[in-house]
Amino acid sequence: DSGVTQTPKHLITATGQRVTLRCSPRSGDLSVYWYQQSLDQGLQFLIQYYNGEERAKGNILERFSAQQFPDLHSELNLSSLELGDSALYFCASSVAAGSGYTFGSGTRLTVV
Amino acid sequence: DQQVKQNSPSLSVQEGRISILNCDYTNSMFDYFLWYKKYPAEGPTFLISISSIKDKNEDGRFTVFLNKSAKHLSLHIVPSQPGDSAVYFCAASARRSGGGADGLTFGKGTHLIIQP
């Protein structure tokens, strides 16, 4: 157990739907990062939050959004889902940006 | 445009020998580099990192070398063990001027297979 908790582990949904992925960071970590891993793209950075505020954006689509709550857990919202959104979505946390990030075990999203 | 490249999708090494995984980067703003190991159905696990002010960092069987002029880093595993079989990702980050860092930029990974 890495200390970063992601739920759900698996999610199957239809095209056009909306889903929410949840992440609880390791205790004491203020930074949360979301990554997408698809078969041909490797791990792609989506977005970073630090203590409730958006800190950096990567390759995140406009259909996707995220937030970090006062208790530091984070949610990634994916809407108008397409087949190509099928991927593993990882959350990572760190106590200080740039240090070794700790990853959760991921949520596998399948869009059918 | 891939800023972090791992040109070998897979590497097979005999148990007990040295495994050398390579990584090249193009962004000169990167100043912190990390290696992660990933097993199937698990998240990446942090292995070792190196700051751009160093050229070598060692932790047990794992050593990372950084050649800034060549924009190249490598991970050495000595001796290689069966449990080392996994996908290894090279990652890089650039510190922001106001502190903190952007998310990591990952290579596509190298699948290391340790043969008995």
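Reminder, nothing fancy here: chain letters follow the sequence lines and each chain counts from 1. All values below come from the heavy atoms of this structure, side chains included, with hydrogens, waters and symmetry mates left out. What you see is a predicted model, and the numbers here were worked out from it, not measured in a lab.
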Is chain B contacted by the side chain of A:Q37, its backbone, both, or neither, given a heavy-atom distance below 4.5 Å?
side chain
In one Ile/Leu/Val/Met/Phe/Trp/Tyr side-chain cluster, 4.5 Å: B:F62, B:L73
yes
So A:Y33 and B:L104, do their side chains get closer than 4.5 Å, heavy atoms only?
no
ILVMFWY network linking A:L61 to A:L109, side-chain heavy atoms under 4.5 angstrom:
yes
Between B:F106 and A:F45, is a side chain to side chain contact (heavy atoms under 4.5 Å, CB included) present by the stated rule, with each step listed?
CA-CA 8 Å; B:F106 280 84; A:F45 168 63; over 6 Å; no
Out of B:G109, B:P44, B:S49, B:A91, which one racks up the most heavy-atom pairs below 4.5 Å with chain A?
B:P44
Out of curiosity, does A:V19 fall in the hydrophobic cluster containing A:V111 (side-chain heavy atoms, cut-off under 4.5 Å, transitive links)?
yes
What is the distance from atom CG of A:L43 to atom NZ of B:K38, rounded to the nearest 0.5 Å?
7.5 Å
For A:R108, look at atom CZ and say whether over 12 heavy atoms of other residues, nucleotides or ligands are found less than 6.0 Å away.
no
Donor-acceptor pair, distance only, cut-off 3.5 Å: does the side chain of B:Y36 make one with the backbone of A:F103?
no
Check for me, please, whether B:L47 and A:Y101 land in the same ILVMFWY cluster - side-chain distances under 4.5 Å, paths through other members count.
no
Using non-hydrogen atoms only, which part of B:A41 is less than 4.5 Å away from chain A: side chain, backbone, both, or neither?
backbone
In one Ile/Leu/Val/Met/Phe/Trp/Tyr side-chain cluster, 4.5 Å: A:L30, A:Y49
no
